Structure formats: C-alpha cells, structure tokens
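Just so you know, these numbers come straight off a predicted model, no measurement behind them. Computation of the quantities below employed the complete heavy-atom set of this structure, encompassing side-chain atoms and omitting hydrogens, waters and symmetry-equivalent molecules. A, B, ... follow the sequence lines: proteins, then strands. Residue 1 opens every chain.
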Amino acid sequence: MSKKIETSSDDPSGGSRVSARDQAVALSERSVDVLPEGRLEQLLGEGRPLTIKLGIDPTAPDIHLGHAVVLGKLRDFQDAGHSVVLIIGDFTARVGDPSGRSAQRPMLEPEEIDANARTFQDQAFKILDRDRTEVRFNSEWLRMPPEDLLGLMARTTVAQLLEREDFRNRMEADEPISALELLYPLLQGYDSVAIGADVELGGTDQTFNLLFGRAVQASYETGQQAIMTMPILPGLDGLRRMSKSLGNYVGVTDPPDEMFGKLMSIPDAVLPEYRSLLLPGLVDTDQPPNLAKREMARLLVDRFHGEGAGEEAETAFDRVFVQREAPEEVAEYVVTGDPVHLPAELAAAFGTSRSEVRRVIDQGGLKIEGEVLGPDSLDLPLVDADGRVFQLGKRRFVRLVSG
RNA sequence: GGGGGAGUGCCCGAGUGGUUAAAGGGGACUGGCUGUAAACCAGUUGGCUCUGCCUACACAGGUUCGAAUCCUGUCUCCCCCA
C-alpha cells in the first residue's frame with residue numbers, strides 16, 4: 001500500500017503535515033469508524049511511531065478469520081512504521097465475568113491463561129510483525145491497591161456506563177448486569193492509560209469500550225487515543241458473527257484441507273464481505289461465485305500455510321467433493337477383533353458414538369471403497385475390512401487395518 | 001432481611017400422576033438435487049452387547065402399582081419489596 005507518500009513541499013519540517021492526511025486515509029481503509037474526526041490524522045502528523053492497542057480476551061486462544069480482520073489492520077499500522085501493544089486481559093479473565101445470558105464465563109486458572117496467551121501469540125504472529133509487537137498482561141497494572149481501584153471508579157458515573165446501548169436494553173428487559181461487567185469498560189480503558197495508547201482497534205461491537213478508553217485517559221490527563229473499528233466478519237452460517245463458541249469459524253491453524261472446505265461452504269451472500277475484509281487489495285473480477293470462492297479459499301490457505309498449499313488443498317477438495325473419491329491420504333485405524341464390529345470400530349475411529357454410526361449406516365451413509373454398505377452387515381470378516389477405506393457421511397474417511 | 005417465580009434433551013420451548021426417549025421450533029447430521037452456495041424434498045438427532053435393554057426432565061431422598069409431573073431437603077438463577 002501507499003506508505004511512501006511523496007511530499008512535494010518546501011516545508012522544512014519534512015512535510016509530515018501533508019502526508020498525515022493521506023496516511024490517515026490509507027490506514028482507515030476497510031474500517032467502519034475512525035473517531036473522533038481528525039484525531040488519527042493529528043496523531044500521524046506528530047511524525048512519531050504511534051502505539052496501537054489491541055486488547056484480547058485470553059479465554060479463547062484460537063484465532064479465527066474474524067480476528068484476522070482486526071489483526072490485518074494492525075499489520076497495516078506496523079507496515080507503516082507504528083508499533084502494536086497486544087494486551088492480554090488476564091486480570092479480568094482471572095476474576096471471571098458471569099455476565100451474558102446463560103453462558104457463564106469460567107474463571108480461568110493462571111496456567112490456562114498463560115497457555116492461552118501463548119497460543120494466541122503464536123497464532124497472532126501469523127499475521128503480525130513480531131518485531132513491532134509488544135505483549136503485555138493487564139494484571140501488571142490492574143492488580144492495584146483497592147484504594148487506587150476505587151479512585152479509578154470514582155472517575156466515572158453509572159450514567160456514563162449505562163450509556164452503552166446493550167446495557168440500557170438489558171436494564172429495560174430486567175436482565176441482569178453484573179457489577180464487574182459494568183466496570184469492565186473502566187478497567188479496559190485504564191489499559192489505554194497504562195500503555196499510553198495512541199490508537200485503539202476493535203470490532204464495531206467494541207465501539208463503546210474503545211470510546212470509554214478515551215474518557216478514562218482524559219480523567220488521567222494523558223493523551224487521548226483515536227479509535228478505529230473494523231467490521232465484524234460473518235461466520236460460516238452467513239448470519240451470526242464468526243465465533244468459536246458458535247462453531248461457525250475458520251481457525252487460522254485449521255489444516256489446509258479443512259480451511260479450504262470451510263471457506264467453500266460459506267453462503268454466496270457473504271462472499272463479497274469475506275473477500276474485501278480478508279483479501280484487501282485483491283482485484284475483484286467478474287468470476288462466477290463458485291470460482292471467486294475458490295480463488296479466495298486458495299489465497300487464504302496460502303497465507304496461513306504457505307505458498308502452494310492453497311492449490312494442494314483445492315486438488316484434494318475436488319477429489320473428495322467433486323469426484324467423490326477418497327482423499328489421497330486417509331488416516332489408518334487399527335482393528336483387532338474378527339469379525340470387525342463396524343459400529344464400535346468406526347465410532348472409535350471417528351470419535352463419535354456407536355449409535356450415531358448405526359444411524360448413519362441406516363440412512364445409507366456408509367461406503368466401503370465407494371460402495372454403499374447397508375445395515376445388514378454390521379460385522380465384517382476381518383479379511384473384508386483389512387486395508388479398505390470406509391467413508392461415513394460426506395467427509396469422514398478411515399482405512400481400517402488389522403493389528 | 002421479606003415475598004414471588006424458575007431450573008426439561010445441543011439450544012429454545014411444550015408437557016402438571018399412566019404408549020413420554022418426552023410435542024413444536026432452531027441447529028446439526030444423513031440421503032436426493034448441487035457449486036460442500038442458496039432454495040427445495042425426505043429422513044435422523046440419549047446410550048448400548050439394538051426387533052431388545054439401560055439411562056434420562058438441576059441434585060438427594062420420599063409418596064405411589066406407576067412421577068418430568070405430588071411431598072421434603074439441597075443447590076443455582078431471576079423478579080419485586082426493604
């Protein structure tokens with residue numbers, strides 16, 4: 001992108017003023033909001049590397065493509081010479097927040113948090129530039145004496161906190177809001193004070209929290225950050241946001257074939273969003289949706305698994321789903337008894353229940369070397385099973401071998 | 001502190017003593033169609049040594065020939081008053 005902006009001025013200060021605007025425009029690409037108006041440009045005009053903040057929740061370590069949207073934007077900032085501070089919210093995770101419908105967020109043990117934080121970092125560095133990233137844990141500064149905490153709390157009013165739309169809705173609906181939940185914006189706003197954030201990024205759902213960070217900064221009389229919100233990527237169902245708990249996500253560490261397959265299964269309706277958010281700069285040609293989807297899947301698999309991985313995944317995909325053949329590499333599972341009791345062995349091989357296997361068999365979903373096997377023969381002589389590829393449903397394959 | 005209400009299968013949600021493994025919906029899965037898209041049709045959706053057996057309606061006891069449904073205790077959650 002345009003990080004080298006020519007400055008044609010005779011301004012001895014280096015012309016940063018001229019380029020600040022262009023930089024701000026370039027960096028704002030794909031974002032939904034950049035607030036307040038002009039603040040980002042002003043900061044860029046200072047001509048120094050900015051500190052860009054992203055707060056993450058260590059309860060779910062797996063990064064998926066939804067995170068990739070925000071991380072990709074962080075990367076843009078890094079490429080423009082700014083540095084990123086990744087804040088792991090270990091403090092709040094350790095306290096545990098019982099809010100939100102029925103889903104009680106579990107209190108995490110320190111070890112779990114550390115493990116999650118590490119996994120998260122490993123995955124995040126598939127996108128971020130390691131050299132321009134600093135990782136901090138917010139327990140570092142949030143574990144403060146109670147009087148300081150109270151001092152922090154004194155800086156805001158309940159009314160301010162309740163400005164948040166979803167709080168107001170829940171109040172009106174008589175739904176519970178935990179005190180911690182209420183204070184959450186305050187704590188995460190303090191993170192901005194602690195690291196001296198110039199810019200904070202997040203999804204559009206974080207707008208209130210991000211803005212609140214400005215208020216907290218103001219009360220501490222530090223510089224106030226600009227905030228930038230990115231669109232929320234829809235999940236594989238095309239309806240709800242991509243999230244691990246909804247099970248509609250593509251993890252950045254998903255194996256190539258799986259990643260390719262998942263991407264092919266998204267509804268056409270969200271394809272444009274996927275392409276523009278995940279593959280910025282890719283020229284959109286007039287391809288049919290099917291081909292556009294393939295191209296996207298290829299490129300994304302390449303990005304996370306290396307050049308060429310996308311094509312391999314596509315080949316494997318065609319083999320299994322277009323030509324309906326078994327994949328080239330099929331996992332083996334060792335069976336011992338003779339005859340082979342299929343419900344038991346296949347359930348074990350695929351990690352499901354025997355009843356489930358029986359059900360699928362009853363519905364004609366079991367194939368042996370491409371031939372449908374009916375519910376009549378649940379026990380196969382070992383010689384008939386040994387070395388054969390079994391397919392359960394569309395996508396579960398295993399080769400049974402005698403041990 | 002007082003009063004009221006609620007806890008059902010992956011989720012939501014019927015069901016207030018007897019074909020109830022438990023209506024209905026969502027989701028998911030299987031088969032068909034196909035571009036692993038959408039739409040649509042059909043079926044499945046607790047477990048198992050599967051024409052049968054076992055375990056299930058927060059947990060533990062109890063009443064009954066028989067309970068998700070009645071009683072007691074425990075836990076959890078929500079609302080109202082203070």
*Please determine, for B/G27, whether a Watson-Crick or G-U wobble partner exists with both distances under 3.5 Å, and give it or none.*
B/U45
*Watson-Crick or G-U wobble partner for B/G35, using a 3.5 Å limit on both distances?*
none
*Assign A/S355 to base, sugar-phosphate, or nothing according to its heavy-atom contacts below 4.0 angstrom with the strands shown.*
base
*Which part of the nucleic acid does A/V320 contact within heavy-atom distance under 4.0 Å: base, sugar-phosphate only, or nothing?*
nothing
*Write down the distance separating the C1' atoms in B/A67 and B/U20, rounded off to the nearest Å.*
11 Å
*asked:* Nearest heavy atom decides the nucleotide; on that basis, is A/R240 or A/T352 closer to the 5' end of RNA chain B?
replied: A/R240
*Hey, is the side chain of A/D268 pairing donor to acceptor with the base of B/G35 inside 3.5 Å?*
yes
*asked:* What's A/I266 touching, base or sugar-phosphate or nothing? Going by heavy atoms closer than 4.0 Å.
replied: sugar-phosphate
*asked:* For a quick check of understanding: with a heavy-atom distance under 4.0 Å over all strands, which category does A/G261 fall into, base, sugar-phosphate or nothing?
replied: base
*B/G17 and B/G66, which share atom name C1', separated by this distance in whole Å*: 8 Å
*asked:* Using atom P in both nucleotides, what's the gap between B/G31 and B/U36 to the nearest angstrom?
replied: 14 Å
*Spell out, as yes or no, whether a donor-acceptor pair under 3.5 Å connects the side chain of A/R132 to the backbone of A/S83.*
no
_Using a strict threshold of under 4.0 Å (side-chain N to carboxylate O), is an ion pair present between A/E295 and A/R275?_
yes
_First of A/S265 and A/A347 reached from the 5' end of RNA chain B, by closest nucleotide_ = A/S265
_Can you tell whether the side chains of A/D76 and A/K73 come within less than 4.0 Å, N to carboxylate O?_
yes
*Is any N or O donor-acceptor pair between the side chain of A/Q363 and the base of B/G43 shorter than 3.5 Å?*
yes
*Between B/G2 and B/C70, how far apart are the C1' atoms? Round to whole Å, please.*
27 Å
*So, A/D318 and A/R294, do they make that salt bridge, N to O below 4.0 Å?*
yes
*If the P atom of B/G52 is compared with that of B/C57, how far apart are they to the nearest Å?*
24 Å
*asked:* Determine whether a donor-acceptor pair (one donor, one acceptor, N or O, separation below 3.5 Å) exists between the side chain of A/R324 and the base of B/U34.
replied: yes
*For B/G46, take OP1 and OP2 only and decide whether either is under 4.0 Å from a side-chain N or O of A/S353.*
no
_Phosphate contact (B/C50 OP1 or OP2) by A/R358 side-chain N/O below 4.0 Å_ = yes
*According to the Watson-Crick and G-U wobble definitions, with both distances under 3.5 Å, which nucleotide is paired to B/U64?*
none
*Sticking with atom P, work out how far B/G47 lies from B/C10, rounded to a whole angstrom.*
9 Å
*So does A/E307 have more than 12 non-hydrogen atoms from other groups sitting under 6.0 Å from CD?*
no
_Residue matched to B/C59 through Watson-Crick or wobble contacts both under 3.5 angstrom_ = B/G73
*Can a salt bridge be assigned to the pair A/D362 and A/R358 using a cut-off of 4.0 Å between side-chain N and carboxylate O?*
no
